[in-house]
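Input: a single structure, listed below in structure tokens.
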There are 2 protein chains.
Amino acid sequence: MMTQYMRNPLVNLELTSHNGSMPKADRRISRTRRLLTDALIQLTLERGFENISLRDLTERADIGYATFFRHYPDKESLLNAILEESIATLIGIATPLVTQPKQMIAAMFTALLEHPERYQMLLKTRHINQLLSRAMLFGSSLFIAQNAAQIPSNIPAELAARHVIGATINLIEWWLEQTPRASPEQMGEIINSLIMQPLHQSAANASGV
Amino acid sequence: MMTQYMRNPLVNLELTSHNGSMPKADRRISRTRRLLTDALIQLTLERGFENISLRDLTERADIGYATFFRHYPDKESLLNAILEESIATLIGIATPLVTQPKQMIAAMFTALLEHPERYQMLLKTRHINQLLSRAMLFGSSLFIAQNAAQIPSNIPAELAARHVIGATINLIEWWLEQTPRASPEQMGEIINSLIMQPLHQSAANASGV
DNA sequence: ACTTTATGATACACATTGTATCATTTCAAG
DNA sequence: CTTGAAATGATACAATGTGTATCATAAAGT
């Protein structure tokens, strides 16, 4: 007799599940994944991602050890799933606002504010930064494309993009650690004066796009 | 019959060994550590720090497995030793030049250029960034102290310091990946226009300290 | 040459990962 | 509310990696 599933059938469920069926998502599945996500966030902020064993994790989540593997093949996959979901959320928020940079930034920071620990956890696991960069790249590549002519000639465009991404993430990381935190609008101003304006040194167009 | 050493006697050798004795450093010791360092750099750049087992490492270094533990208690300690040595080197270079920022930056980049793989490796292992920050903090805290009055009032000084550190490290990381690489002088100009100048928006004093 | 000490090789206890299996509980659909 | 399907808990297991211990050998320094 074969095992019902193991490492294949169930694992891919719920990922981009908009194929018309939408199988109704068993409560037990979402419950288990929620518990695992919460436990990972807690433990990562407490001792760091690398210092968590799967037995620690399943114990904290209060689920059986083997149950973990019915949802994710390993620890990194769980982290990645959380990351992907978070990125999708952020992109969904930013997309309608690409033409209004200031409001987009404010909306992003407001969104971060709804799950601070989650994003702190994602930023703490640094090897994920490259993936997180995708979300920022989404905005900054647009920025670069629109403002390429204004970037100082001695600075390569790729470097400018990377700088915008990295510096913004760095600011977010700092911001999430603060208590109390500056408002999204204040952060928008800081990002503008510290990161964006230096790329506009030649053109002095005021406050528009 | 006791074991000669194990995890205690030898491990601390050569760390800050300026206590008057300077026990002459057996060739075999420095050879082993050099082989381990080179192997770690290679393997980390190839597959990432987390994906290296100590058996991989000792095999690549061509030394016995148990020999590793006679020098470092674990993988992280080897990485840390390399990091500490590198930081000490950089601080030694920067210290005499604190009053000449432009020359200091150029000297730092020139130093990085002598062991690019080593610094790439250190920057690739992101959880070490906090420690690396110490080296940059050394310079930027000075910068902040000297220029505190010129930092825009809406930007906290700690955030300014963190931004300078993070953005500079990010630029270095980008620079080390390039081929060919811009000159240290060019990087100095980029750092100035992209990172430093925005902190001087109010005061327009020209090129001096 | 001679003493000291680092090394190589190997065996071992221990922890962690991922797989396999089965009885039990929970779900959702009729 | 029943009933079949599916997820869970518990447990055992092989495989791998870590760090310790030990001894014979090789290489260093004096």
Side-chain angles (χ1 to χ4, degrees), chain A residues 1-14 17 21-37 39-40 43 47-80, chain B residues 1-15 17 21-37 39-40 43-44 47-80:
Chain A
M1 190 199 287
M2 266 272 294
T3 322
Q4 0 183 7
Y5 38 48
M6 198 40 94
R7 193 161 204 108
N8 268 336
L10 193 145
V11 164
N12 287 337
L13 202 61
E14 187 191 23
S17 63
S21 60
M22 200 58 177
K24 277 225 157 147
D26 195 316
R27 285 181 221 160
R28 292 169 291 183
I29 295 180
S30 48
R31 174 176 179 275
T32 296
R33 295 185 182 180
R34 176 173 42 78
L35 291 174
L36 281 172
T37 297
L40 184 69
L43 290 175
R47 358 175 174 153
F49 182 77
E50 314 296 341
N51 303 320
I52 305 170
S53 76
L54 288 179
R55 292 213 141 82
D56 293 337
L57 184 70
T58 53
E59 189 182 0
R60 176 69 68 102
D62 197 29
I63 67 167
Y65 173 72
T67 301
F68 175 87
F69 299 97
R70 296 179 173 124
H71 295 269
Y72 309 97
D74 50 36
K75 214 173 36 161
E76 278 73 20
S77 297
L78 168 57
L79 180 60
N80 246 307
Chain B
M1 191 199 290
M2 267 275 292
T3 322
Q4 0 184 6
Y5 38 47
M6 198 41 93
R7 193 161 204 107
N8 269 335
L10 193 146
V11 165
N12 287 338
L13 204 62
E14 186 190 23
L15 305 180
S17 63
S21 61
M22 198 56 176
K24 278 226 156 142
D26 194 315
R27 284 182 222 159
R28 292 169 291 183
I29 295 181
S30 48
R31 175 177 179 274
T32 296
R33 295 185 182 179
R34 176 172 43 78
L35 290 174
L36 281 172
T37 297
L40 184 70
L43 290 174
T44 298
R47 356 174 175 155
F49 182 77
E50 314 295 340
N51 303 319
I52 304 170
S53 75
L54 288 180
R55 292 213 142 81
D56 293 336
L57 185 69
T58 52
E59 187 182 359
R60 176 69 69 101
D62 197 30
I63 66 167
Y65 174 71
T67 301
F68 175 87
F69 299 98
R70 296 177 173 126
H71 294 270
Y72 309 97
D74 50 36
K75 213 173 35 160
E76 278 72 21
S77 296
L78 168 57
L79 180 61
N80 247 307

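The sequence lines fix the lettering, A, B, ..., with proteins before strands; numbering per chain opens at 1. In this text the structure is predicted, and so the values were computed from the model without any measurement. Note that these values count all heavy atoms, side chains included, but never hydrogens, waters or copies made by symmetry.
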Checking B/Asn80 against B/Tyr72 for the side-chain contact (heavy atoms from CB on, under 4.5 Å) test, could you report, in this order, the C-alpha distance in whole Å, the side-chain angles of both residues, the deciding distance, and whether it holds? CA-CA 10 Å; B/Asn80 247 307; B/Tyr72 309 97; over 6 Å; no

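In this entry the distance linking CZ of A/Phe68 with C1' of D/dA7 reads 16 Å, nearest Å. A straight line from CG of B/Asp56 to C1' of D/dT18 spans 13 Å, rounded to a whole angstrom. Between the CG atom of A/Asp74 and the C1' atom of D/dG17 there is a distance of 16 Å, given to the nearest Å. A/Lys75 has its NZ atom 16 Å from the P atom of D/dG17, to the nearest Å. Atom-to-atom, CG of B/Leu54 to P of D/dT18 comes out at 4 Å; the value is rounded to the nearest Å. The distance from atom CG of A/Asn51 to atom P of C/dA15 is 17 Å, rounded to the nearest whole Å. Protein atom CD of A/Glu50 is 13 Å distant from nucleotide atom P of D/dT18, rounded to whole Å. As a whole-Å value, the separation of B/Leu35 CG from C/dA6 C1' is 14 Å.
In this structure, the side chain of B/Lys75 engages the main chain of B/Ile52 through a donor-acceptor pair within 3.5 Å.
In this model, a donor atom of one side chain and an acceptor atom of the other lie less than 3.5 Å apart for A/Ser77 and A/Asp74.
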Nucleotide N/O of nucleotides 26-28 of chain D paired with protein N/O under 3.5 Å:
residue	atom	partner	partner atom	Å
D/dA27	N3	B/Arg28	NH1	3.1

Could you run down the sub-3.5 Å N/O contacts of the protein with nucleotides 9-14 of chain D?
residue	atom	partner	partner atom	Å
D/dG9	OP2	A/Gly64	N	2.6
D/dG9	OP2	A/Thr67	OG1	3.0
D/dG9	N7	A/Arg70	NH1	3.3
D/dG9	O6	A/Arg70	NH2	2.7

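Surrounding CG of A/Asn51 are more than 12 heavy atoms belonging to other residues, nucleotides or ligands, all under 6.0 Å away. Counting heavy atoms of neighbouring residues, nucleotides and ligands inside a 6.0 Å radius, atom CZ of B/Arg31 does not exceed 12 of them.
Of all non-hydrogen atoms in B/Phe68 and B/Ile63, the two that sit nearest each other are N-CD1, 4.3 Å. Taking all atoms of both residues into account, the shortest heavy-atom contact from B/Thr44 to B/Phe49 is CG2-N, 3.8 Å.
For the OP1/OP2 pair of D/dA7 and a distance below 4.0 Å, the side-chain nitrogens and oxygens of A/His71 include no atom meeting the criterion.
When side chains are defined from C-beta on, B/Leu57 counts as touching B/Leu78, because their heavy atoms get closer than 4.5 Å.
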